Amino acid sequence: MEVSIRGMTEQEFQAFVALTVPAYAADKVNSGNWTSQEAMERSRKELTALLPAGLASPNQHLYTIESGAEPAGHIWLSFDPRTTGDTGF
C-alpha cells in the first residue's frame with residue numbers, strides 16, 4: 001500500500017480543528033495543567049494564536065497523510081522563529 005503526504009485542504013483543516021481543540025483540552029486537564037472549566041476556551045485560544053490565518057498562517061505547515069487514496073492522519077510542522085526549536089505534531 002502506498003503512503004503519501006500532501007497539503008491539507010480547508011475542509012480537512014476544519015475537521016482537524018474540531019478534533020484537536022477538545023483533544024488538547026483533555027490532555028491539559030488530564031495532566032493537571034488546566035481545569036475542566038477553562039480547558040476548551042484555553043485550547044481554542046492557543047490554537048488560534050498558533051494558526052491565526054488557518055492554513056495560511058506563517059511558519060505553520062499542515063499536511064494530510066494518505067494510505068492509498070484515503071486520509072490516514074496528519075502532520076503539523078511549526079517553524080516559529082520566536083521559539084528555541086521547531087516542532088512537529
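Since we're looking at a predicted model, the values are computed, not measured.
- The minimum heavy-atom distance linking Met40 with Val21 is given by the pair CE-CG1, 3.8 Å.
- Nearest heavy atom pair, residue Tyr63 against residue Met8, reads O-CE, 3.6 Å.
- No donor-acceptor distance shorter than 3.5 angstrom exists from the side chain of Ser43 to the backbone of Ala39, with no hydrogens or angles considered.
- Hydrophobic clustering (ILVMFWY, side-chain heavy atoms < 4.5 Å, transitive): Tyr24 and Val17 are in distinct clusters.
- Thr9 contributes atom OG1, which lies 6.0 Å from atom CD of Gln11 (distance to the nearest 0.5 angstrom).
- By the criterion of side-chain heavy atoms lying less than 4.5 angstrom apart, applied directly or through intervening Ile, Leu, Val, Met, Phe, Trp or Tyr residues, Ile75 is not grouped with Leu19; the two fall into different hydrophobic clusters.
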task = Give the C-alpha distance, both sets of side-chain angles, the deciding distance and a yes or no for side-chain contact (heavy atoms from CB on, under 4.5 Å) between Phe16 and Leu62.
result = CA-CA 10 Å; Phe16 168 78; Leu62 294 114; 3.6 Å; yes

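- Few gaps surround CD on Glu10; more than 12 heavy atoms of other groups in view lie less than 6.0 Å from it.
- We find that Glu46 and Lys28 are not joined by a salt bridge, their nearest charged nitrogen and carboxylate oxygen being 4.0 Å or further apart.
- If you take CG on Leu51 and OG1 on Thr20, they are separated by 9.0 Å, rounding to the nearest 0.5 Å.
- Crowding of Glu41 atom CD: a count of heavy atoms from other residues, nucleotides or ligands under 6.0 Å not exceeding 12.
- Annotation for Thr64 and Glu12: closest pair OG1-OE1, 2.9 Å, computed over non-hydrogen atoms.
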